[in-house]
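The structure appears right after this line, and notes come after that.
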Amino acid sequence: MDGSDFPSDFILRVRTLDGDAAGAVFSLNEQAIVARFPRPHLPQLAVGREVMAAFEGGGLRRRFGLRTRVGGWHESESFRAYTFRPCDPVDFFDRFVYPYHNGLLRRETARFTPEPERPPRVEVLGGADGRGSLARLLDLSLAGLRVCIPPHHADAFATAQRIRVRLQPPGRNRYLELVGDIRHASLGEEGLTFGMRIDWTAAQDANASEAFLTDYVMELQRAQLSTKATQPVAV
């Protein structure tokens, strides 16, 4: 992707000896990031120097930091463009490049439905008297999720405002604990459905938790795309 594909407020902020400097992201892949810094506020960065950088804006739910090295620069009348090379390109691709290009890191992200034959184990905590309940995951994104609690446990969560969800994807030997506020609720024949927005500030290790959830969301996305690709095309 190049500059024409990015929102105007998508920036790379770099840390220098003279303070932070922000440049507009022009191109982005796992090997290199090009950012344009406007005159007269130009950072002085030596080629080969390691620089801490962070992506901000561009619809991101929160800033994303990484270690880079200055790969080069070129001048123009209105800006100086620096090329930054991620110190760990594989990790950068897995945690940022692929999720960003597929819309998984945006504030409003696409939701994906678990495969019916491979449902995750879900437990919801936060009901009356500290009670919990197994639940069914309806859909999931990096911003939030929807779960359905069975009817016989619905009363315990009738007045819940904030819940804790333990999510264990199929085939994994660990679970992820997510906390968030309930944004909407509805009662139906199948039970009580909650829509929860994830509060990443409440996570014990937000980076590790988000990486774990990103991996599962990407797995659901690939499964959904694979299903669409095998469906017959109407003519």
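What you see below is based on every heavy atom in this structure, not just the backbone, and it leaves out hydrogens, waters and symmetry mates.
- No side-chain heavy atom of Leu176 sits less than 4.5 Å from a side-chain heavy atom of Tyr216.
- Proximity of Arg172 to Asp215: side-chain heavy atoms (C-beta onward) are separated by under 4.5 Å at one or more points.
- Atom CZ of Arg121 is separated from atom CG of Leu167 by 11.0 Å, given to the nearest 0.5 angstrom.
- For Arg36 (side chain) and Ala81 (main-chain N/O), no donor-acceptor pair under 3.5 Å exists by modelled atom type.
- Contact of the Val179 side chain with the Arg162 side chain is registered, since non-hydrogen atoms from C-beta on lie closer than 4.5 Å.
- Proximity of Arg174 to Phe212: side-chain heavy atoms (C-beta onward) are separated by under 4.5 Å at one or more points.
- Proximity of Ile33 to Pro86: side-chain heavy atoms (C-beta onward) are separated by under 4.5 Å at one or more points.
- The aromatic rings of Phe64 and Phe55 sit tilted relative to each other, their planes meeting at an angle between 30° and 60°.
- Put simply, the side chain of Tyr100 reaches to within 4.5 Å of the side chain of Phe10, judged on heavy atoms.
- Interatomic distance, CG of Leu17 versus CG of Leu45, reported as 9.0 Å (0.5 Å rounding).
- Residues Leu125 and Phe157 come closest through the heavy atom pair C-CE2, 4.1 Å.
- The aromatic rings of Tyr82 and Trp73 are tilted relative to each other, their planes meeting at an angle between 30° and 60°.
- A pairwise comparison of heavy atoms in Ser141 and Arg111 identifies CB-CG, 4.0 Å as the closest pair.
- Between Leu137 atom CG and Leu145 atom CG the span is 6.0 Å, to the nearest 0.5 Å.
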